[in-house]
Amino acid sequence: MSKVRTRFAPSPTGYMHIGNLRTALYEYLIAKSAGGDFVLRIEDTDQERYVEGALDVVFNTLKATGIKFDEGPGVGGDYGPYIQSERRDIYKKYALELVEKGHAYYCFCTKERLESLKSDSTELGTGFNYDRHCRDLSKEEIQKNLDAGIPYVIRQKMPVDGTTTFTDAVYGDITVENKTLDDQVLLKSDGLPTYNFANVVDDHLMKITHVVRGNEYLSSTPKYNNLYNAFGWEIPTYVHCAPIMKDAHNKLSKRNGDASFMDLIEKGYIPEAILNYIALLGWSPRGNEEFYTLPELEKAFDIDGISKSPAIFDIEKLKRMNAEYLRRMTPEEFYKVALPYIDKALGGADFSEDVKLRIAGLIQPRTELLTDIEDKISFFAKLPEYSTELYCHKKMKTDTVNSLTSLNIVLEALTNGNGANIDWTSASLYEFFCGLASENELKNSQILWPIRTALSGKDVSPGGATELAEILGKDESIKRIKVGIELLKA
RNA sequence: GGCUCCUUGGUCAAGAGGCUAAGACGCCGCCCUCUCACGGCGGAAACAGGGGUUCGAUUCCCCUAGGAGUCACCA
């Protein structure tokens with residue numbers, strides 16, 4: 001059996017959507033799980049759709065996810081060029097070969113004629129198929145038209161009777177009647193091939209063994225097979241994938257304003273989580289494990305696990321997975337990815353590396369998206385204005401009155417009492433505050449909650465009273481407790 | 001409309017004739033707890049409908065319904 005080769009063949013539209021990325025991932029995994037090659041090919045045969053900088057989007061996304069291509073633009077390979085617009089002459093040659101063999105023909109029909117055929121067919125409510133007007137032109141007529149410089153396309157000559165059956169690795173055998181097959185255009189009048197043609201020619205020439213693509217191509221696959229057969233080429237294994245949906249009725253798409261890979265990164269998701277999540281959208285592993293690194297996916301992936309029905313993209317599950325990825329990082333890894341967000345949250349405030357490391361430790365289990373960080377920790381740099389309502393907490397049995405009492409007790413103990421020289425760490429502060437509570441016949445929470453509130457100025461904080469105190473340091477903590485006392489007095 | 005495909009909890013999904021129909025996200029409850037989160041435990045929640053085949057169908061066949069794709073000199 002020949003070496004497995006797959007290809008990712010995006011057209012450069014400047015937007016790498018999630019569905020595309022998943023297709024690339026599956027192609028990559030199919031190749032790598034079999035020790036094969038993964039090829040990147042750019043399908044830019046439609047010059048009108050070309051977008052400046054689109055290639056970079058493709059490159060950057062693949063790079064960010066770790067999906068490396070073995071051949072393609074920039075890295076080369078034995079089957080280049082890998083950009084279709086640079087392969088123009090190749091297609092023409094093969095198109096002519098097909099004409100020669102009697103499987104394709106010149107068509108001189110004008111756009112106007114085709115338009116009117118089309119409008120007729122919509123009126124009748126039937127589908128549009130080219131009426132094969134030019135299918136049986138004589139050699140002389142063709143030559144005359146060519147000599148006269150009349151623009152032409154080359155069309156594929158479909159069989160008229162019988163059926164065509166093809167096998168898809170996901171959907172199984174699919175049979176269609178040949179009479180439903182259109183004599184599709186292979187070579188456009190601008191000399192460039194259609195996708196339908198370029199795709200087949202390139203996949204063959206590049207020795208692609210597994211064609212992975214969206215199932216919107218399912219219905220045109222019989223035409224491709226007729227093309228392979230006309231050339232006498234080996235038909236690849238087809239792997240058609242159901243789409244990723246935004247909801248029950250709409251695909252995820254740029255048009256709907258849905259997030260691209262890069263959008264998700266900007267929203268604070270990390271590439272590993274995104275990749276892991278989309279691998280599971282439309283594919284299911286053998287066991288119950290859901291977390292896979294790319295190398296693990298290479299081992300676990302199999303075509304049998306690909307599902308036939310569309311999958312709705314669930315941002316909640318992605319979020320959860322992202323959170324889990326962040327938690328599973330070592331503290332050092334987390335610190336590294338979180339640092340830009342931490343620095344942003346802390347503004348210009350002067351915090352040592354050590355303190356930032358400890359802040360990271362506090363937020364690591366509490367962060368779902370990296371973009372959550374700023375809001376969670378900005379109070380470290382600047383105490384927000386807050387309402388004394390925050391001191392009232394039913395479960396903690398606190399209100400503004402006993403909170404004031406508690407804060408005064410704490411302030412006194414910390415400045416003049418036996419807490420004045422306390423070792424300023426979370427553990428010893430915790431012990432000390434609990435001691436204060438029992439001395440004054442208070443619940444721990446009646447001491448700790450007011451402190452936590454005074455230190456953070458927030459209803460929730462990434463850590464309790466003593467954890468916040470340790471990070472803020474003694475001076476700042478006392479300062480904030482005083483602010484709290486003033487607020488409660490007023 | 002023709003053709004093709006799809007249909008298990010709200011979502012992702014396992015299942016490949018006999019199971020109390022997995023697991024995960026989300027949701028609810030309890031526990032843990034210096035708030036929140038994390039973690040632990042538990043719960044509610046599904047085979048689109050109807051016919052067959054079979055001793056027995058989520059699983060095989062047919063029909064219906066619903067949904068999707070396609071019917072371009074776009075990919």
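By convention in this document, chain letters (A, B, ...) are assigned in the order of the sequence lines, proteins followed by strands, and residues within each chain are numbered from 1.
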TODO: Using only side-chain N and O atoms of A:K188, determine if any of them is under 4.0 Å from OP1 or OP2 of B:A75.
DONE: yes
- [ ] Would you indicate whether A:E333, at its atom CD, is surrounded by more than 12 heavy atoms from other residues, nucleotides or ligands within a distance under 6.0 Å?
- [x] yes
Open item on the list: If we count only N and O atoms by modelled type, under 3.5 Å, do the side chains of A:N276 and A:Y325 hold a donor and an acceptor together?
Closed with: yes
Open item on the list: Just to be sure I understand the rule, does A:R320 reach a base, reach only the sugar-phosphate, or reach nothing, if contact means heavy atoms closer than 4.0 Å?
Closed with: sugar-phosphate
Task: C1' spacing across the pair B:A24 / B:C34, given as an integer number of angstrom - done: 32 Å
Open item on the list: Rounded at 0.5 Å granularity, tell me how far CD1 in A:I481 sits from CG in A:L411.
Closed with: 6.5 Å
Open item on the list: Return the CZ to CG distance between A:F334 and A:L357, rounded to the nearest 0.5 Å.
Closed with: 11.0 Å
TODO: Could you check how far CG of A:D183 sits from P of B:C71, rounded to whole Å?
DONE: 15 Å
Task: Proximity to the side chain of A:Y217 - top-ranked nucleotide from B:C73, B:C5, B:A75 - done: B:A75
TODO: Sort out the partner of B:G29 for me: Watson-Crick or G-U wobble, both distances under 3.5 Å, none otherwise.
DONE: B:C41
Open item on the list: Among A:H133, A:K157, A:Q156, A:R135, which residue satisfies the side-chain hydrogen bond (donor to acceptor under 3.5 Å, both in side chains) criterion with A:D183?
Closed with: A:R135
- [ ] Check for a donor-acceptor pair, side chain of A:N226 on one end and backbone N or O of A:K223 on the other, with a separation under 3.5 Å.
- [x] no
Open item on the list: In whole Å, measure the gap between the C1' atoms of B:C25 and B:C32 for me.
Closed with: 23 Å
Open item on the list: So if I define the base as every atom that isn't primed, P, OP1 or OP2, how would nucleotides 58-67 of chain B read as a B/S/- string at a heavy-atom cutoff under 4.0 Å?
Closed with: ---------S
Task: Selected nucleotide, minimal atom distance to A:E316 side chain, candidates B:A75, B:G26, B:C34 - done: B:G26
TODO: Give the ring-plane orientation class for A:Y391 versus A:Y386, where under 30° counts as parallel, over 60° as perpendicular and anything between as tilted.
DONE: tilted
Task: Closest-nucleotide 5' rank along RNA chain B - winner of A:V185 and A:D173 - done: A:D173
Open item on the list: If the cut-off is 4.0 Å, is A:R366 near the phosphate of B:A37, judged by side-chain N/O to OP1 or OP2?
Closed with: no
Task: Nearest-nucleotide pick for A:I174, side chain only, options being B:A75, B:U4, B:C34 - done: B:U4
Open item on the list: Any N or O donor-acceptor pair under 3.5 Å from the base of B:C73 to the side chain of A:S189?
Closed with: yes
Open item on the list: In whole Å, measure the gap between the P atoms of B:U64 and B:G10 for me.
Closed with: 27 Å
Task: Options B:A75, B:G39, B:U4, nucleotide nearest the side-chain atoms of A:E324 - done: B:G39
TODO: Starting at atom NZ of A:K376, determine the distance to atom C1' of B:C38, rounded to an integer number of angstrom.
DONE: 12 Å
Task: Nearest-Å distance for atom pair CG/C1', residues A:L468 and B:A37 - done: 13 Å
Open item on the list: Rounding to an integer number of Å, can you tell me how far A:E467 CD sits from B:C34 P?
Closed with: 10 Å
TODO: Quote, to the nearest angstrom, the P distance that separates B:A37 from B:G29.
DONE: 12 Å
Task: Pairwise C1' distance, B:C61 and B:U54 [rounded to whole Å] - done: 12 Å
Task: Distance, P atom - from B:G49 to B:C3, rounded to whole angstrom - done: 26 Å
With 3.5 Å as the limit, what N/O pairs link the protein to nucleotides 9-15 of chain B?
residue	atom	partner	partner atom	Å
B:C12	OP1	A:I312	N	3.2
B:C12	O2'	A:L280	O	3.1
B:A13	OP1	A:G282	N	2.6
B:A13	OP1	A:S307	OG	3.4

TODO: Find the distance A:Q364:CD to B:C36:P and express it as a whole number of Å.
DONE: 21 Å
Open item on the list: Need one value for A:P462: base, sugar-phosphate or nothing, where a base atom within 4.0 Å counts as base even if backbone is also close, heavy atoms only.
Closed with: base
Open item on the list: Given 3.5 Å as the limit, does a donor-acceptor pair link the side chain of A:S477 with the main chain of A:L472, or not?
Closed with: no
TODO: Please determine, for the side chain of A:K395, which listed nucleotide (B:G23, B:U33, B:A75) has the closest atom?
DONE: B:U33
Task: Neighbours of RNA chain B within residues 426-445 of chain A, by heavy-atom distance under 4.0 Å - done: A:S426, A:Y430
Open item on the list: In whole Å, measure the gap between the P atoms of B:C41 and B:U11 for me.
Closed with: 27 Å
Task: Rounded distance in Å between the C1' positions of B:U20 and B:G43 - done: 16 Å
Task: Atom pair distance, as rounded to whole Å: CZ in A:F291 and C1' in B:A24 - done: 9 Å
Open item on the list: Regarding A:T453, tell me which of base, sugar-phosphate or nothing describes its non-hydrogen contacts under 4.0 Å with the strands shown.
Closed with: nothing
- [ ] State whether A:K118 places a side-chain N or O below 4.0 Å from either non-bridging phosphate oxygen (OP1 or OP2) of B:C73.
- [x] yes
Open item on the list: I need the CG-C1' distance between A:L218 and B:C3, as an integer number of Å.
Closed with: 12 Å
Open item on the list: Using the side-chain contact (heavy atoms from CB on, under 4.5 Å) definition, which of the options A:M396, A:K395, A:K397, A:K443 pairs with A:W449?
Closed with: A:M396
Open item on the list: How many whole angstroms separate atom CD1 of A:I373 from atom C1' of B:A37?
Closed with: 14 Å
TODO: Output the distance between atom CG (A:D314) and atom NZ (A:K319), rounded to the nearest 0.5 Å.
DONE: 10.0 Å
Open item on the list: Between A:D44 and A:S85, is the side-chain hydrogen bond (donor to acceptor under 3.5 Å, both in side chains) condition met? List the steps.
Closed with: CA-CA 6 Å; A:D44 60 344; A:S85 58; 2.6 Å; yes
Open item on the list: Let me confirm one number: the NZ-CG distance from A:K376 to A:L362, rounded to the nearest 0.5 Å.
Closed with: 11.0 Å
